[in-house]
K.L.:
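Okay, handing you the structure first.
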Amino acid sequence: MRLELSAEDAAFREEMRTFFTTQVPQEIRDAVASRRELSKDDIVRSQRILNAAGLAVPGWTVEWGGRDWTPLQRHIWHEEMQRACVPIPLAFNASMVGPVIATFGSQEQKERFLPPTANLDIWWSQGFSEPDAGSDLASLRTTAVRQGDEWVVNGQKTWTTLGQHGDWIFCLVRTDPDAPKKQQGISFLLVDMTSPGVTVRPIQLIDGGHEVNEVWFEDVRVPAANLVGEENKGWDYAKFLLGNERVGVAPVGQTKRVLAQAKEWARAGGVLDDPLVAAQFADLENDLLALELTALRVVAHSADGKPHPASSVLKLKGTVLQQAVSELVVDIAGPASLASGATADESDVDDWARVATPAYLNLRKASIYGGSNEVQRQIIARTILGL
Amino acid sequence: MRLELSAEDAAFREEMRTFFTTQVPQEIRDAVASRRELSKDDIVRSQRILNAAGLAVPGWTVEWGGRDWTPLQRHIWHEEMQRACVPIPLAFNASMVGPVIATFGSQEQKERFLPPTANLDIWWSQGFSEPDAGSDLASLRTTAVRQGDEWVVNGQKTWTTLGQHGDWIFCLVRTDPDAPKKQQGISFLLVDMTSPGVTVRPIQLIDGGHEVNEVWFEDVRVPAANLVGEENKGWDYAKFLLGNERVGVAPVGQTKRVLAQAKEWARAGGVLDDPLVAAQFADLENDLLALELTALRVVAHSADGKPHPASSVLKLKGTVLQQAVSELVVDIAGPASLASGATADESDVDDWARVATPAYLNLRKASIYGGSNEVQRQIIARTILGL
Amino acid sequence: MNFEYDDEQEALRDSVKALLGKAYGDFEQRRKAVDADPGFDDSTWRRLAELGVLGLPFAEESGGMGAGPVEVSLVAEEVGRVLAPEPFLATVVLAGGLVEAAGSDEQKAAVLGPLAEGESVVAFAHLEPGGRWSPTATAVTATSSGDGWALDGVKEPVPHGARADVLVVSAALPSGGTGLFLVDPAGTERSGYAVHDGSRAARVTFSGTAATPLGDGGDATATIATALDRTRIAACHQALGAMSFQLGATTSYLTSRKQFGVTLNTFQALTFRAADMYVSLELARSLTLWATLVSIAGSPEEIADAAARASLQVSKASRHIGQEAIQLHGGIGMTAEYAVGHYTSHLTALEHWLGDGRFHLSTLASCIGDHDEVDPIP
Amino acid sequence: MNFEYDDEQEALRDSVKALLGKAYGDFEQRRKAVDADPGFDDSTWRRLAELGVLGLPFAEESGGMGAGPVEVSLVAEEVGRVLAPEPFLATVVLAGGLVEAAGSDEQKAAVLGPLAEGESVVAFAHLEPGGRWSPTATAVTATSSGDGWALDGVKEPVPHGARADVLVVSAALPSGGTGLFLVDPAGTERSGYAVHDGSRAARVTFSGTAATPLGDGGDATATIATALDRTRIAACHQALGAMSFQLGATTSYLTSRKQFGVTLNTFQALTFRAADMYVSLELARSLTLWATLVSIAGSPEEIADAAARASLQVSKASRHIGQEAIQLHGGIGMTAEYAVGHYTSHLTALEHWLGDGRFHLSTLASCIGDHDEVDPIP
């Protein structure tokens, strides 16, 4: 047992820290630091800078731009990025569709899609959830019917995060409605969002932002070559995609950063001396430390192929803490949090205090999207505890 | 709407307060105040004093010693008793078997049993739970088979609180094993515990105390006249018994008293100035106030026969707060709580600190016995929320 | 002791419920009302005036109905139930309450009459940027110049400050203490904006702005504190209405929404959480009802204590219920077109306008040694 | 970075696990051992000595094994897993640790040798009636009388104080500060008793009792503080072992116990709570492992910080898991013949011996402004 990083890993950390704090434009990092919404352009610019340096998709195979890093190095890369307020490479590209194409796609698909996916030349959206298929994803009803060398897609996807920026969308579609189990008969299809019949409609969230969308498919014709892997095996690819990551499951670095900033805000507002506020900080900081160390245990775990059981703690507790920190920030803002709809010109309230409640409300989604905390508890109870 | 007591109720409260603080022996009230275990004799003496003054069984019909009080007056009676550290009349007698006999028993049973039950000349035990019938009480297996004018009882009851003092035990027994539903075919039987074939075995609890027992029945012969009400209707009487009380569902007065004492202990130990301790006191005190007011809403509710829905909150939250207060007392005792096994001679630690952890451990039962908190949540979800 | 409304109170509740239910029973109407300035519906405001609601707590001499805290509380609860955006709390209970408490007879007639008739919106400019929930003012100062007073400084956020026809303003007095002034907003610079819950607030800048002392002038800290406490108690009722709606919406959703081929109420882990929401709601309701009754005849200290207690309990309940209502709904609970998330947004705004749970807990903790037990019955 | 035991450590763990599993794998044997004084099994104590466990952290020159915090931690975890009553923490880690840290070479040889061989039980008399978790002493005072020292006052509770052959005693020095002394218990008056978790403690009264300064004498407050912090970290591991057992017992019970015709794991409200217990346990495990690694080479300040952090996390976990383990078992969990409740009792004793969660939270809160973030990797 040893806590220290090896000399090699320590040097690696230093290299990452230097890169992120010097090569990514300050204005983008400032926007992240003040929890402002990023523009599409900010996200694209940042990812291209990373990609040019080989830092956008390190988890991919080396052939397609990946790096042969250890899980610990990928963890360090991921934490240092958050610490430096650098936007994480778009998850739909880097962690989702990229690995699926790289693992299950045809050579043509790889050549066509992987380089622009890494460079965010293609902005991918995710077409999984449907109005009646949320936690029960396998009951999805969007269909793709084969006609000649095309698939004809009909149906509706929802909760499509940042779908308004999407160039392409990867979808789970039902290709065999007669399959004996609902998990069977599903395929994984890549759809050009400029195709006739694709409509993206915004869903406004309770924080007032437009972050998710409905995507409608009406007789959308998709070339057969855009089906990934085998027909009717899409559920396996979706499971691969969702269970793929050991690194970055919990937003540790980002939550730590917000908590550290909140300390400054509390100090400036004179409330850090309140013993109850200080105790809340100490308690959250300790929980976050325990979470970070759990993430480190998971990544440092000798890779025998099986995920470390504690990894299922990460998403569950990670979202709970992210939400709790956002709640504390609202309390520190106090009455100033009411100035949420004001522009900087209209208000004497600090930026951070004006976004405090919208951020808190927005983060209620964290325990719902991407496998709700109820689903996580179910996984722990069944898979780990055998209940 | 009005908060004040009527002049009549205020006078009633004064009368109760005076009686309890002057007529019940100080040494018994001191034992309750210091959370010491009471002897059988203490409990009997106290109840006889109350009974002589007509204050032991006010909820019974007037004919059998009850008082025609309003629910609010019964609430005041109950709270003032706890506030004055007077032991509550034995629940098995006063709140359980007494009302069942008074409501469903024969005239002979009433005459024979009610006066000594009110006066604690008969100490009743409760024979409901069995090793495989806890929350699922209706699956009980103790049988009573009719032979001539006797019932022959075989089986085992458990969690029989203070069964070691019991003279008689009221039991749920299965009299029709072929009934179509398990709630049917159960009868309510009164058994003399000195009958041959009755064996009481102590169960030691984790606090080291002997409070509950197993009671075994081996071919115990019980006169047919000891069956209460109709044969095979016992489940109805048990439901009546368990749902009988609107008053005293939550141990509000007692928990308030312990919290008030704990403040003194904390002050003496110099920890009441600790802002986190003070906040914990304030939070618990507020929750207890909310609970007390909920109990008042329930008793003040105009009696249309149906219980006030909020009454199901009382047991659930009442036990949670009782446990939380006992946990805080352990924290206030700190390292002194380790002197739990010492007699006063052997230790310089205050009495209250020595019983702090045993009391905490003992009270873990509060959310299990008498309808666990899981059962309470189930009732709220189903009955009130329609889920 | 009696916790039930009398017939007159029931009748008032029914009228308010009917009026607001018609206006906002369809949540889409509420969304429309908050979309455009002033963030509420003028015709609903007028109808509330016709019903007497906007003059409810004021003496009849001031043009009001002479009703008490119980009547105020049941209006607030109905406002909360449908999330009506009309500024009953900010204008009638708080700003109007201050004028009623401290104003001269002439001022009461001049300000409260039009307010009660729905012709004038009054706002209390008290909160200051960077400040918290103190009853005193520091950032806005008052100076006396011969025959009049002038104010300087910034107030923000001022709920409904941009729409207000009359401002009641707190300001630091030259002699120490905090005074209250009536100000014509025309002499101020105002920038108004929407709050996350759809209500409105503003920054109001005073630059040598002419001001009239409310009543006799002098230090009004205690008056402000009690008015805030009364508003807190009414706000607890508004929160009760909102939480009741959320619990009802959640149980409806659990019994109708299907996942894995069954309705969600099949999952015990979810129904037990709904049961816990009910427990939180009922405990908050008990303490809030009590605080209202205490405020009828209580001393300022008793009202302050009761307001802190109710606010703490409601803070815990509203975070619990507000968060769980969204979580048990899942994705749909996050969307702006569905009601339940807006209630969470409003509960958050309400708490941070008047004082959060930790603030009240600190207050109660600081005097925990002053008493042995709390006896709720006087 | 590496969080796995090496082969030698795994071998040590296996030996300890085998030894303790044989002794107490049947919980009835553990009940028997704690029923009679001294509250543990002498033959198990000797076998632990033979395995080298009782000299584990001491230098080889002192008769020990020269092992580090990781080895100590894995023994503590196995002790906790079966609730072995032998006083490894109190005697080896704490009392022995103080002698190792502060004693002269002669004292180390005289005290630690017999301790390591299982021939002598050493106890640290430090806690004082009415006191809490300070590293200083006030109720017992030391006075120097020409060629020697004498102690007066009462120490209580002294874990295993009645059985101890040698006492390490903290006492207020005439010059200020807290000194450490070796005392022959024959010169004291002792009354021993059982603790609720089956262990033993005592009141020890000193009346002009002869005492020998440990090492050079002088103020030992810092030495005591660090020894307590190291013991806290080991105690966290003991708690992890106990909580692991409780979680395992709970899941076994849920899959085997039937109610309403089905096993309890059919009820999602129960299985989700077991999942939450697992989350608490794993978070506590992560922080405790980290604290142990910090304590290998950390400064006293770093060790104090790590001990407070691990203790806070373990306090939260042990209350959560200890309470839920009983609740999910129902009535059987309350009984003395069933193991699970004893674990809750022990976790409560452990926390209140060394400092409860609120104590550690206060410590951490008081220095929350000293740093921006906590970086766990040096």
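So you know, we letter chains A, B, ... as the sequences are listed, proteins then strands, and number each from 1. As a basis for the values below, the full set of heavy atoms in this structure was taken, side chains included, without hydrogen atoms, waters or symmetry mates.
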K.L.:
Name the member of C/Gly130, C/Ser362, C/Ala365, C/Pro159 that forms the most heavy-atom pairs with chain A at distances under 4.5 Å.
P.N.:
C/Ser362
K.L.:
Side chains of C/Asn265 and C/Thr263: donor-acceptor distance under 3.5 Å anywhere?
P.N.:
yes
K.L.:
Using a cut-off of under 4.5 Å on heavy-atom pairs, state which of C/Gln259, C/Lys258, C/Glu351 scores highest against chain A.
P.N.:
C/Gln259
K.L.:
Any sub-3.5 Å donor-acceptor pair from A/Glu211's side-chain atoms to A/Thr161's backbone N or O?
P.N.:
no
K.L.:
Just do the side chain to side chain donor-acceptor pair (under 3.5 Å) check on A/Asp345 and A/Thr343 with the steps written out, would you?
P.N.:
CA-CA 5 Å; A/Asp345 288 350; A/Thr343 61; 5.0 Å; no
K.L.:
Under a 4.5 Å heavy-atom cut-off, does chain C meet the side chain of A/Leu363, its backbone, both or neither?
P.N.:
neither
K.L.:
Can you tell which part of A/Asn362 gets under 4.5 Å to a heavy atom of chain C, answering side chain, backbone, both or neither?
P.N.:
backbone
K.L.:
Kindly determine whether A/Asp351 and A/Arg354 satisfy salt bridge (Lys or Arg N to Asp or Glu O under 4.0 Å), including the steps that lead there.
P.N.:
CA-CA 5 Å; A/Asp351 284 11; A/Arg354 284 187 284 114; 2.6 Å; yes
K.L.:
Against chain C, label A/Pro275 side chain, backbone, both or neither, depending on which of its atoms sit under 4.5 Å from a heavy atom there.
P.N.:
neither
K.L.:
Please examine the side chains of C/Thr188 and C/Lys155, heavy atoms only from C-beta on, and report whether any two atoms are closer than 4.5 Å.
P.N.:
no
K.L.:
Could you look at C/Ala269 and say if it's the side chain, the backbone, both or neither that has a heavy atom under 4.5 Å from chain A?
P.N.:
neither
K.L.:
Run the salt bridge (Lys or Arg N to Asp or Glu O under 4.0 Å) check on C/Asp276 and C/Arg273 step by step: do they pass?
P.N.:
CA-CA 5 Å; C/Asp276 285 335; C/Arg273 282 161 67 180; over 6 Å; no
K.L.:
Measure A/Val212 against the heavy atoms of chain C and call it side chain, backbone, both or neither at under 4.5 Å.
P.N.:
neither
K.L.:
Within a strict 4.5 Å, meaning less than it, do heavy atoms of the A/Glu37 and A/Pro358 side chains meet?
P.N.:
no
K.L.:
Do A/Gln323 and C/Gln323 get their side chains close enough for a donor-acceptor pair, meaning under 3.5 Å?
P.N.:
no
K.L.:
Give a yes-or-no answer on whether the side chains of C/Ser280 and C/His320 include a donor-acceptor pair shorter than 3.5 Å.
P.N.:
yes
K.L.:
Would you say C/Thr344 and A/Arg364 make side-chain contact, with heavy atoms under 4.5 Å?
P.N.:
no
K.L.:
Find the one option among C/Ala202, C/Gly333, C/Ala194, C/Pro129 whose heavy-atom pairs under 4.5 Å with chain A are most numerous.
P.N.:
C/Ala194
K.L.:
C/Ala201, C/Gly331, C/Gly131, C/Ser345: which one forms the most heavy-atom pairs within less than 4.5 Å of chain A?
P.N.:
C/Gly331
K.L.:
Tell me, for A/Ile203 versus chain C, whether the close heavy atoms (under 4.5 Å) come from the side chain, the backbone, both or neither.
P.N.:
side chain
K.L.:
At a heavy-atom separation under 4.5 Å, does C/Arg257 approach chain A through its side chain, its backbone, both, or neither?
P.N.:
side chain
K.L.:
Relative to chain C, which of A/Val349, A/Asp331, A/Leu276 shows the most heavy atom pairs under 4.5 Å?
P.N.:
A/Asp331
K.L.:
Where does A/Ala353 contact chain C at under 4.5 Å (heavy atoms): side chain, backbone, both or neither?
P.N.:
neither
K.L.:
Does any heavy atom of chain C fall under 4.5 Å from the side chain of A/Asp132, the backbone, both, or neither of them?
P.N.:
both
K.L.:
What part of C/Arg319 lies closer than 4.5 angstrom to a heavy atom of chain A: side chain, backbone, both or neither?
P.N.:
side chain
K.L.:
Within the side chain of C/Thr231, is there an N or O that forms a donor-acceptor pair under 3.5 Å with the backbone of C/Asp229?
P.N.:
no
K.L.:
Is it the side chain or the backbone of A/Ser337 that comes within 4.5 Å of chain C heavy atoms, both, or neither?
P.N.:
both
K.L.:
Select one option (side chain, backbone, both, neither) describing which atoms of C/Thr348 are under 4.5 Å from chain A's heavy atoms.
P.N.:
side chain
K.L.:
At a 4.5 Å cut-off on heavy atoms, which part of C/Ile326 comes close to chain A: side chain, backbone, both, or neither?
P.N.:
both
K.L.:
Compute whether any side-chain donor of one residue and acceptor of the other, for C/Ser170 and C/Glu128, lie under 3.5 angstrom apart.
P.N.:
no
K.L.:
By a 4.5 Å heavy-atom criterion (distance strictly below it), what part of C/Glu156 contacts chain A: side chain, backbone, both, or neither?
P.N.:
side chain
K.L.:
Does any heavy atom of chain A fall under 4.5 Å from the side chain of C/Leu354, the backbone, both, or neither of them?
P.N.:
neither
K.L.:
Under a 4.5 Å heavy-atom cutoff, which of C/Ser191, C/Gly357, C/Gly192 has the most pairs with chain A?
P.N.:
C/Ser191
